[in-house]
Structure formats: structure tokens, C-alpha cells
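Below you'll find the structure, written out as C-alpha cells, and then a few comments.
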Amino acid sequence: MNRTTVFRTLMNDKGYEASIIINRTNITYLSGYTGSETALFITKDKAMFLADSRNTLQAKNETKGYEVIDIGRKSLALAAAELVLEYGYKNIGVETETITLASYRLLKEHADVNYGEIDDILLDMRAVKDEEELNNIKIACDIACDALDHIVPILKPGIKEIDIALEIEYYFKKNGSEGVSFDTIVGFEENAAMAHARPSNRALKNGEFVLIDFGCKVNGYCSDMTRTFAVGNVSDEHKKVYATVLNAQKAALDAIVPYMMGTDLHNVAKDVITKAGYGDYFGHGLGHGIGLDVHEAPGVRPNSTSKLVPGNVFSVEPGIYLERKFGVRIEDLVCIDKNSYTNLIRYNKELTIL
Ligand SMILES: [Mn+2]
């Protein structure tokens, strides 16, 4: 069954006669279209693709099973509202996390019916990867590992954070990926204590940690990995914190069982870090799903209601962040299968002193 058919069934089960899809990732996932500024109108028996003249040709080329409608100079919301009226539907699904208040008001003004949420249907569908999706993610992971091999030789005192980020991004585009899946994070020593450090002109010194968190895209699918390297003689505290993060990451990987709760997996890593005395310095969730978006379902964090089911791909990335000192994070991506899991990142994570 194709994705649009599956979605339609789930949408009908929720009581919606039609849905308006505007989220770019969801549009790509359902229709295959890779551009922007379009919408889908999916009913019980029709699948329509709304676009203006800039995008209609691309839509015809990339989509299958969709009737491409040229909306002229109308806004997408107005064109969708007119379809709601034309078909006389009363219950319409929308992506509440994506639609703007302005678009919602416009819909209500022109077609005053009930609009409800369908976000979870698509998040849950996207969370379970098919073989082709998984293969794209695997290739993206392999390219990222190769990129890391490529830049390790330049991790020497004097190099700047931005130089490393630039080199990784250049490598990605030169070696079969579409480019980065998110802005490359490179943090030296005290900058690594900021989980999402922006690469700066800070030059590397002997005895420091280098945290690199990065990923690329292949056919729209993201990879994401983090490694922390030591350059020269790092202190015992550096080593202790690194060992703690590594133990937490390994404990979490060992604990993965299909159908467990994401929040339980988070707690495995959190407990290791807490017992070592660093519980207050691991503030973020252990992991996140990944696919067409770099952050998607399932959630592997406190209070997540996600169950980790076969086909899920997510990160396992504990970290410890010591303000004004340094930070460590180690991140792999795993895919759950019927009995266990596969680690998609094949890259050394024992402490490497360069
Ligand atoms: Mn991540």
C-alpha cells in the first residue's frame, strides 16, 4: 500500500473527511515532491497537489497518483478553503504544529468547518522506516564516518572551529551527499560545554577536547553523529568525564529491547551519569528519531510517550557539560528490528588522544 493510501485510512479512522497537508517534510514523505510552498488536499478518494506555476511542472514530474492543481495567484490556504467548500466537508485534518495562525484564520473565514489535528498520524508513520529509507540513512551515516576520518588528521593545535566545520561540509558535498542535515557543531574545550555550539574562530590548544556533532543528507534522509576527541595531554577530569559518558552510552545501547519505552532508555543512561556524580550536567534527552527531519519521532527523553518499535531509527547521545570547563557527547544512530537493534555508526568511540 502506498503512503497516501495508508494515511487516508488513518485519517478516516480519526473522523476526518479530508486533510490539508502543508508541512514540507510530510509533503515529501507522502507525495515524493521535494520542493517548497505547496499543499496536499487528500480526501476519501482523491489526492490533489496544490501549487502555483513556479512548482506545477516539478510536482507533475516528482509525484505519483496526485492530481496537480494550478492555484494561480491564490494563497494555498484560500485554495484549500475553496476545496473544502466545494466538497462540502465538515471535518478537516490539519497539521497544528505547522499551520500558521494567519492561515488558520483564513481557512476559518472562508470555510467555517471543524479543523482538527493529524500531526501524530504522520509522525507515527514516518517513525517506522522502510528498507529504502533505512538504506538512505545508512549511506548518510557512512559518508559522515568517512568525513570524520578525513578531518582527524587536521585536528591539531592552531586549527579553528570554523575550519573543521567548513572542511566537513565541503567533504559532504564532494562525496555523494546533498550537504549537511543541520548546521555542523564544532566546539573546543569550554565551547563544547554548549550542547549546540556554533563554530567560531577559537583556535585549538594542546590538552583540550574537540566535540564534533554533524550529519549529512542522502536522498533527503539525515544522519547525525557526535564524537569527542582529546588533543594532547588532557587532565584526569577530562578522562573521567569521557569514561562516564561512554559508559552511559554503552549501557543504553545494551539495554535496547524492541517495544521498550523511550523514556526508560533515557533513564538507563541518566542513572549511569547520576551515579558518577554528573547527573546535573546531563540536561537534554538521550535521543531523538531521525529521517527526513533531523529531529522526529520517537522521543527518547524524560516523559516521552514513545515506544521503540521495529523500524524506528533514533540517536543515543548522552553528554556531560561543565560550564566554563569542557563538554563531552558521544552519539550513534540505531535502528530497531524485530529482536534487537543495529548500530548504524561504525566509528571508534574509545577515547582517542590525538
Ligand atoms: Mn542528535
Side-chain angles (χ1 to χ4, degrees), residues 25 123 126-127 129 133-134 136-145 147-148 151 161 164-165 168-169 172 177-187 191-199 209-218 220-229 242 245-246 248-253 256 262-263 265-270 273 281-304 306 308 312-321 327-336 341-349:
T25 309
L123 280 175
R126 280 169 40 198
K129 271 69 183 177
E133 294 179 290
L134 191 53
N136 286 324
I137 296 172
K138 279 180 181 163
I139 297 168
C141 287
D142 288 345
I143 293 173
C145 288
L148 205 46
I151 60 110
E161 291 168 347
I164 296 170
I168 287 173
E169 290 167 23
F172 279 161
S177 89
E178 290 118 60
V180 295
S181 51
F182 58 93
D183 288 342
T184 301
I185 296 166
V186 180
N191 287 346
M194 295 180 280
H196 283 172
R198 288 177 58 85
F209 268 160
V210 175
L211 185 152
I212 307 174
D213 181 352
F214 65 112
C216 63
K217 279 190 180 196
V218 170
Y221 285 83
C222 302
S223 67
D224 183 4
M225 67 181 286
T226 308
R227 285 295 181 268
T228 305
F229 297 97
Y242 190 94
V245 174
L246 184 59
Q249 211 245 8
K250 286 179 174 173
L253 291 173
I256 294 174
T263 184
L265 186 58
H266 169 87
N267 287 335
V268 172
K270 181 82 183 185
I273 291 173
Y281 307 98
F282 171 36
H284 58 72
L286 178 66
H288 54 85
I290 187 165
L292 287 168
D293 281 341
V294 72
H295 291 148
E296 53 180 63
V300 188
R301 57 176 183 265
N303 306 318
S304 162
S306 294
L308 306 177
N312 283 170
V313 177
F314 57 87
S315 66
V316 178
E317 49 176 315
I320 294 176
Y321 310 94
V328 174
R329 182 164 62 254
I330 302 170
E331 173 181 26
D332 290 337
L333 289 191
V334 300
C335 176
I336 299 273
Y341 76 94
T342 308
N343 193 333
L344 306 179
I345 303 291
R346 284 168 295 190
Y347 199 93
N348 172 57
K349 57 192 171 196

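Numbers here are sequence positions counted from 1. All figures in this text were calculated on a predicted structure; none of them were measured in a lab. Just so you know, ligand 1 is whichever comes first in the structure, and atom 1 is the first atom listed for that ligand.
Salt bridge status for R346 with D332: absent, with no side-chain N to carboxylate O gap under 4.0 Å.
Rounding to 10°, one obtains 120° for the angle at the Mn ion (ligand 1) between NE2 (H288) and OE2 (E331).
Residues passing the ring-ring contact (aromatic ring centres under 6.0 Å, His included) test with H295, sequence neighbours excluded: H288.
The shortest non-hydrogen separation linking R301 to G285 is CB-CA, 3.7 Å.
L292 contributes atom CG, which lies 6.0 Å from atom CZ of R126 (distance to the nearest 0.5 angstrom).
The Mn ion (ligand 1) is closest to atom OD2 of D224 (considering only N, O or S atoms). Between the Mn ion (ligand 1) and the N, O or S atoms of E317, the shortest distance is to OE2.
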